[in-house]
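This is a predicted model, so every value here is computed, not measured. Heads up: numbering here begins at 1 and tracks the sequence.
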Amino acid sequence: TMAVPLKLSRVSRLLNSRLPAIKGVAAWPTFADSHVLGSFINGAGSHRVLQPSEVAAKMEHAKATPKTCGADDPTTLHTPSTNELVYFIDPADEDTVNTAIQSAVQAQHTWALNFGPRDRARALRSVAASLQEEHCFEVMAAMESMDTGRPIDETREDINSAIEAFEWMSGQAYTMSGQHTQMEGGDTATVLREPLGVCVGIGAWNYPLQGAAWKAAAALAFGNAMVFKPAEDTPLTALYLAELVQKTVPEGLFNVVLGPGSVGSMLVDHKDVYKVSFTGAASTGLKVYEQAAGGMKKVTLELGGKSPLIIYNDADIEEAARGAILANFYSNGQVCSNGTRVFVEDSIHDAFVARVVELTKQLTVGDPFEPGTHVTTMIHKKQADKTMEYIELGLKEGANLVIGGCTADQNDLPSEYAADTIIMPTVFTECRDDMRLVQEEIFGPVMSVLRFNDRDEVIERANDTKYGLSAGVFTQDLRLAQDTLAKLQAGTTWINTYNLAPASLPWGGYKQSGLGRENGLDVVNHWTQLKSVYQANGPVGYPYPTKRNM
């Protein structure tokens with residue numbers, strides 16, 4: 001495989017063939033013609049074009065030490081769908097991290113002091129407008145599909161989510177207000193709401209742009225700066241977003257640094273960082289939390305889940321089946337909030353499972369860049385192998401496999417796609433609560449169906465997990481739905497739908513699924529701090545002797 005820049009890759013050829021009216025470099029980020037991607041700091045990216053001899057040398061090194069994902073080798077970037085080596089990466093070192101943070105410190109002072117809520121709101125709306133432009137929208141979606149392997153129909157929705165985040169947060173910029181209180185004796189008191197300063201965002205690989213947008217839009221809306229580290233496997237859209245943001249804000253306000261977890265650790269440790277917002281695995285989130293505590297930094301954690309989806313016997317089976325498929329197979333099952341423990345009331349169990357199987361058979365497997373494709377590659381072979389290990393474990397534990405449980409058929413795919421990285425949507429029935437299949441987060445397209453008869457007992461079973469990110473209920477009895485959700489230990493819940501995440505609602509979990517919230521009206525409390533100012537308008541109340549020495 002030849003190392004080529006994105007502009008010469010199959011992705012761009014597909015994009016240009018579908019959008020012939022969009023031409024010219026305006027459709028591409030500045031790093032498109034590079035071979036080596038570097039961090040984006042102070043308004044510029046440290047990207048490089050290599051000489052042919054340098055490309056050949058790097059290729060020889062890559063062949064000598066083959067890797068399958070950026071997490072294994074943070075110096076290369078591969079496409080999940082074909083494992084094609086597309087870019088080389090320059091991981092940030094300590095000097096790069098220091099430069100990123102120091103430039104953010106300077107930019108944040110300017111942003112907080114010289115740009116009021118109206119100015120910040122206008123800047124965020126400008127970013128949203130740029131994302132909506134056709135060439136930018138389609139390029140972003142293509143890059144997201146190339147980085148994650150997810151279907152283009154899904155990644156286009158990710159761009160819409162990013163647009164919504166910047167639009168919503170532009171309105172929230174105006175909510176950064178305090179209060180004034182009349183005190184005793186004519187004194188007054190004021191409560192000021194102020195920015196935190198430089199904040200760090202660390203993103204996950206499943207929704208790279210959405211994570212970057214949620215964190216950056218909120219940080220900037222309230223006068224902060226953001227240094228963002230995307231996941232090693234999926235840096236492209238964060239870099240492009242930085243270019244768009246830079247057009248409307250002071251240089252250095254939104255920097256992007258590349259590299260493995262060690263780079264994130266340097267960011268969290270830095271003395272000039274006042275908040276860390278992390279999305280990812282619970283085990284890593286705990287380490288971030290412990291590390292940030294050493295510097296008394298604010299923390300927001302959006303971690304994993306093993307969420308329950310309860311189907312009562314009065315539910316519309318068609319709607320419930322569709323909801324369960326969305327809650328398990330969207331993004332090839334790589335969604336932290338997925339409702340992978342599906343509790344179905346016994347009287348409708350068989351009919352529900354039959355319809356789920358029928359709908360699952362209609363999902364299309366194939367090229368992520370072809371509209372209408374639903375099942376595509378996992379993020380990398382390691383995640384595909386992990387998912388298959390859980391499927392095999394489920395069989396050993398006694399679960400009943402009703403569909404899936406295997407990788408894709410190579411005959412159904414273009415020749416350049418590896419079937420062993422595509423996991424067919426899988427449904428198990430006759431599951432038990434004590435199975436590892438049921439208890440542990442898989443992060444793959446695996447649905448576990450569990451029967452229930454006792455409605456009080458099912459709530460207890462649903463809560464029997466260390467996680468508490470999400471939960472869903474399907475029923476036509478809204479009183480029952482509200483009562484159920486009131487008893488479920490989860491921070492993000494749905495009735496008769498699943499996995500909708502508008503920016504106007506808070507997102508986050510209970511228990512080991514995280515701390516704090518992203519989005520919603522409460523977001524202002526997570527990105528600002530309060531200062532109280534007491535003003536005495538009379539003499540000091542002094543209780544000690546006041547004689548003067550003569």
Side-chain angles (χ1 to χ4, degrees), residues 101 104-125 165-201 214-227 249-250 253-254 268 270-278 289 292-302 491 502-510 514-543:
I101 292 177
V105 168
Q106 296 174 12
Q108 192 272 328
H109 289 160
T110 300
W111 183 242
L113 293 176
N114 300 335
F115 290 75
R118 181 182 62 181
D119 301 316
R120 297 197 295 269
R122 284 176 174 172
L124 296 186
R125 286 198 298 271
F166 279 97
E167 289 177 337
W168 168 259
M169 290 304 166
S170 72
Q172 295 311 295
Y174 290 99
T175 69
M176 193 170 167
S177 58
Q179 66 185 63
H180 180 83
T181 305
Q182 196 71 32
M183 309 302 288
E184 296 177 2
D187 291 355
T188 59
T190 303
V191 178
L192 304 177
R193 189 176 290 277
E194 298 182 337
L196 296 171
V198 176
C199 304
V200 161
W214 282 13
K215 297 178 194 305
L220 271 54
F222 302 118
N224 302 291
M226 167 66 70
V227 179
V249 303
L253 194 69
F254 179 46
V268 175
H270 202 283
K271 64 181 179 61
D272 291 326
V273 168
Y274 293 93
K275 162 153 184 168
V276 179
S277 177
F278 170 84
Y289 190 27
M296 298 295 288
K297 306 177 195 295
K298 277 198 169 189
V299 176
T300 298
L301 301 174
E302 199 269 281
S504 55
L505 293 180
W507 180 273
Y510 291 3
L515 292 170
R517 293 293 183 271
E518 298 197 87
N519 296 337
L521 292 172
D522 188 55
V523 70
V524 65
N525 294 315
H526 298 286
W527 294 93
T528 61
Q529 56 194 343
L530 298 179
K531 176 185 288 182
S532 63
V533 181
Y534 190 106
Q535 179 177 322
N537 295 319
V540 173
Y542 187 75

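Minimum heavy-atom separation, A292 to V299: CB-CG2, 3.4 Å. Smallest separation of non-hydrogen atoms from N114 and D119: O-OD2, 4.0 Å. Between A225 and A104, the shortest heavy-atom contact is CB-O, 3.6 Å. Residues E184 and Y534 come closest through the heavy atom pair O-OH, 4.5 Å. Of all heavy-atom pairs between P250 and T110, the closest is CG-CG2, 4.2 Å. Taking both residues in full, the closest heavy atoms of S170 and A121 are given as O-CB, 3.2 Å, listed atom of the first, atom of the second, then distance.
To the nearest 0.5 Å, atom CH2 of residue W168 and atom CG of residue L124 are 13.5 Å apart. To the nearest 0.5 Å, atoms CD (Q108) and CG (L220) are separated by 10.0 Å. A distance of 9.5 Å separates CE in M169 from OG in S504, rounded to the nearest 0.5 Å. Taken from OH in Y289 to CG in L301, the straight-line distance is 7.5 Å, to the nearest 0.5 Å. Note that the OG1 atom of T300 and the CH2 atom of W214 stand 12.5 Å from one another [nearest 0.5 Å]. Note that CD of Q179 and CG of L530 are 8.5 Å apart. Values are rounded to the nearest 0.5 Å.
A heavy-atom distance below 4.5 Å is not found between the side chains of Q535 and T190. Side-chain contact between V200 and F278 is absent, with no heavy atoms from C-beta onward closer than 4.5 Å. Residues M176 and P195 meet the side-chain proximity criterion, which asks for heavy atoms closer than 4.5 Å. Counting heavy atoms from C-beta outward, N224 and K275 have side chains that stay 4.5 Å or more apart.
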Taking distance alone, no hydrogens or angles, what donor-acceptor pairs closer than 3.5 Å link side-chain atoms of residues 516-528 to residues at least two apart or in another chain?
from: R517; atom 1: NH1; to: G509; atom 2: O; distance (Å): 3.3
from: E518; atom 1: OE1; to: K215; atom 2: NZ; distance (Å): 3.4
from: E518; atom 1: OE2; to: K215; atom 2: NZ; distance (Å): 3.4
from: D522; atom 1: OD1; to: N525; atom 2: ND2; distance (Å): 2.6
from: D522; atom 1: OD2; to: H526; atom 2: NE2; distance (Å): 2.9
from: N525; atom 1: OD1; to: R193; atom 2: NH1; distance (Å): 3.3
from: N525; atom 1: OD1; to: R193; atom 2: NH2; distance (Å): 3.3
from: T528; atom 1: OG1; to: R193; atom 2: NH1; distance (Å): 2.8
from: T528; atom 1: OG1; to: V524; atom 2: O; distance (Å): 2.5

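No side-chain donor-acceptor contact under 3.5 Å links K271 to the backbone of G295. Looking only at distances, no side-chain donor or acceptor of K297 sits under 3.5 Å from a matching main-chain atom of V276.
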Stepwise side chain to side chain contact (heavy atoms under 4.5 Å, CB included) test for Q172 and F222: CA-CA 8 Å; Q172 295 311 295; F222 302 118; 3.9 Å; yes
